[in-house]
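Handing you a structure now.
This one's a predicted model, so the numbers in the text were calculated from it and none came from an experiment. As the structure lists them, so they are numbered: ligands from 1, and atoms in each ligand from 1.
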Amino acid sequence: MPVPLVDVVLPCLNEEQALPWVLSRLPAGYRAIVVDNGSTDNSAEVAVAAGAMVVHEPRRGFGSAAHAGLLAATAPIVAFCDADASMNPADLAPLVELVSSGSADLALGRRRPTVAKAWPAHARIANRALARMMRRATGIPLHDLGPMRAANREALLSLDLQDRRSGYPLEMVLKASAAKWTVVEIDTPYSPRIGRSKVTGTIRGTVIAIKDMSSLLRESGR
Ligand SMILES: Nc1nc2c(ncn2[C@@H]2O[C@H](COP(=O)(O)OP(=O)(O)O)[C@@H](O)[C@H]2O)c(=O)[nH]1
Ligand SMILES: [Mg+2]
């Protein structure tokens with residue numbers, strides 16, 4: 001396969017039900033890199049059957065998977081998307097366009113729920129509070145710490161991201177801001193996922209996410 005224009009990193013923990021929907025919706029010229037984070041279902045097999053590249057990352061954690069995908073990528077632009085069908089990879093195209101045209105160094109998708117139940121209230125409230133702190137820390141008018149995003153691969157690598165859990169997306173924004181990147185946020189539809197949530201749909205996941213993100217914000221304030 002020739003080097004794709006865009007590599008799409010899809011962190012995956014037991015998403016066999018959602019993957020066919022997700023992987024059939026990548027724009028032409030985009031390559032899917034499914035990072036299997038120790039799934040106990042058939043996620044890896046389903047991903048391979050759908051034509052995706054599969055990377056196995058045994059160390060658990062969203063950031064661990066996302067970063068393994070970034071390291072495996074070879075395309076000039078790398079995008080990130082969840083593998084749970086809550087967002088449509090086709091909606092990555094406008095984010096990628098912002099990066100490829102040079103309008104943004106980091107393009108972020110702001111999740112806009114299509115129906116109320118797409119986003120549980122506790123997750124939405126926590127996200128809003130964290131986004132407010134992120135705005136204060138960076139001075140950039142951002143409203144979400146969502147996973148959908150795009151940037152140039154080499155630039156992303158140069159950020160030297162360290163978080164391997166839920167703080168990864170936030171660390172990316174904080175370091176991009178510190179490096180004076182142009183960070184742009186646009187709306188992306190957010191729908192109910194297929195299958196069961198691993199992070200904000202559970203109390204434990206939400207608490208870990210808030211903990212990881214608050215400690216990053218505290219550090220950045222120092
Ligand atoms: N690799 C990896 N992926 C994860 C982990 N937890 C969640 N994911 C994936 O990250 C994405 C977001 O997780 P999800 O459970 O939908 O969280 P929510 O959107 O906050 O409910 C999905 O694609 C999951 O499969 C993890 O520990 N490791
Ligand atoms: Mg989700």
Atom 8 (N) of ligand 1 has as its nearest protein heavy atom Leu13 CB, 4.1 Å
Given the options Leu157, Val35, Ile33, Leu71 meets side chain to side chain contact (heavy atoms under 4.5 Å, CB included) only with Leu157
Any heavy atom of Tyr190 under 4.0 Å from ligand 1? The part involved is side chain
Does the N or O separation between Arg60 and ligand 1 drop below 3.5 Å for any pair? no
min-distance protein heavy atom vs atom 18 (P) of ligand 1 -> Thr200 OG1, 3.3 Å
Q) With distance as the sole criterion, is a donor-acceptor pair present between the side chains of Thr202 and Arg196 under 3.5 Å? A)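 No - no donor-acceptor pair under 3.5 Å links their side chains.
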| Protein contact to atom 27 (O) of ligand 1 [nearest heavy atom, distance to 0.1 Å] |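 Going by distance alone, atom 27 (O) of ligand 1 is nearest to Gly61 N, 3.3 Å.
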Asp144 vs Asn127, test: side-chain hydrogen bond (donor to acceptor under 3.5 Å, both in side chains). Steps then yes/no. CA-CA 7 Å; Asp144 191 11; Asn127 187 70; 2.8 Å; yes
In this structure, atom 13 (O) of ligand 1 is nearest to the protein heavy atom Val199 CG2, 3.8 Å
Near the Mg ion (ligand 2) (protein N/O/S, cut-off 2.8 Å, waters excluded) we have Asp84 OD2
Numbered in order shown, the ligand 1 atoms found under 4.0 Å of a heavy atom of Lys198 are 6 (N), 7 (C), 14 (P), 15 (O)
**Prompt:** Will you find, in the side chains of Glu16 and Asn14, an N or O donor that is under 3.5 Å from an N or O acceptor?
**Reply:**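 Their side chains do not contain a donor-acceptor pair, so the 3.5 Å distance test is not met.
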Distance from atom 24 (C) of ligand 1 to nearest protein heavy atom, with residue and atom: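 Protein heavy atom with the smallest distance to atom 24 (C) of ligand 1: Glu15 OE2, 3.1 Å.
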- [ ] Starting from atom 9 (C) of ligand 1, locate the nearest protein heavy atom and write down its residue, its atom name and how far away it is, to 0.1 Å.
- [x]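 Answer for atom 9 (C) of ligand 1: Pro11 O, 3.6 Å.
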Short version for Arg193: what comes under 4.0 Å of ligand 1, heavy atoms counted, is side chain
Note: ligand 1 atoms sitting under 4.0 Å from heavy atoms of Phe62 are 10 (O), 26 (C), 27 (O), 28 (N)
From the list Asp212, Ile208, Val207, Thr206, side chain to side chain contact (heavy atoms under 4.5 Å, CB included) partner of Ile210 resolves to Thr206
Flag, side chain of Asp36 to backbone of Glu57, donor-acceptor distance under 3.5 Å | no
Leu217 and Ala137 have their tightest heavy-atom pair at CD2-CB, 4.2 Å
Review point. What about Ala65: any of its N or O atoms under 3.5 Å from an N or O on ligand 1?
Key: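 By distance alone, the answer is no.
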* Would you mind running through ligand 1 and noting each atom that sits below 4.0 Å from a heavy atom of Ser197? =>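 This gives 15 (O), 17 (O), 18 (P), 21 (O) as the contact atoms.
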Worksheet entry | Expected output: side-chain Asp7 to main-chain Thr74 donor-acceptor under 3.5 Å | yes
In terms of its nearest heavy atom to atom 28 (N) of ligand 1, the top option of Leu19, Asn37, Asp36, Thr202 is Asn37
So the atoms of ligand 1 within less than 4.0 Å of a heavy atom of Ala83 turn out to be 23 (O)
To which protein heavy atom is atom 16 (O) of ligand 1 closest, and what is the distance rounded to 0.1 Å?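 Looking at atom 16 (O) of ligand 1, the protein heavy atom closest to it is Asp84 OD2, 2.7 Å.
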For residues 86-97, the side-chain hydrogen bond (donor to acceptor under 3.5 Å, both in side chains) pairs (sequence neighbours left out) are Asp84-Ser86
Could you establish whether Cys12 and ligand 1 come within less than 4.0 Å of each other, counting only heavy atoms on the residue side?
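Cys12 counts as a contact of ligand 1 under the 4.0 Å cut-off.
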* With no hydrogens and no angle check, is any side-chain donor or acceptor of Arg60 less than 3.5 Å from a backbone partner on Gly38? ->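 Between the backbone of Gly38 and the side chain of Arg60 there is a qualifying donor-acceptor contact (under 3.5 Å).
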> Can you check whether Trp21's main-chain N or O pairs, donor with acceptor, with Arg25's side chain at less than 3.5 Å?
Replying inline: yes
Look at the side chain of Ser43 and the backbone N and O of Ser39, then say whether any donor-acceptor pair between them is shorter than 3.5 Å.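 Not at all, since once roles are kept as given, no pair shorter than 3.5 Å links the two residues.
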Item to complete: Spell out, as yes or no, whether a donor-acceptor pair under 3.5 Å connects the side chain of Ser220 to the backbone of Leu174.
Response: no
Keeping the roles fixed (side chain from Glu185, backbone from His143), state whether a donor-acceptor pair exists under 3.5 Å.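 Yes, Glu185 side chain to His143 backbone: donor-acceptor pair under 3.5 Å.
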Less than 4.0 angstrom from a charged side-chain N to a carboxylate O is my criterion; do Glu15 and Lys198 meet it? yes
Got the closest protein heavy atom to atom 12 (C) of ligand 1, with its distance?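 Ranked first by proximity to atom 12 (C) of ligand 1 is Asp82 OD2, 3.2 Å.
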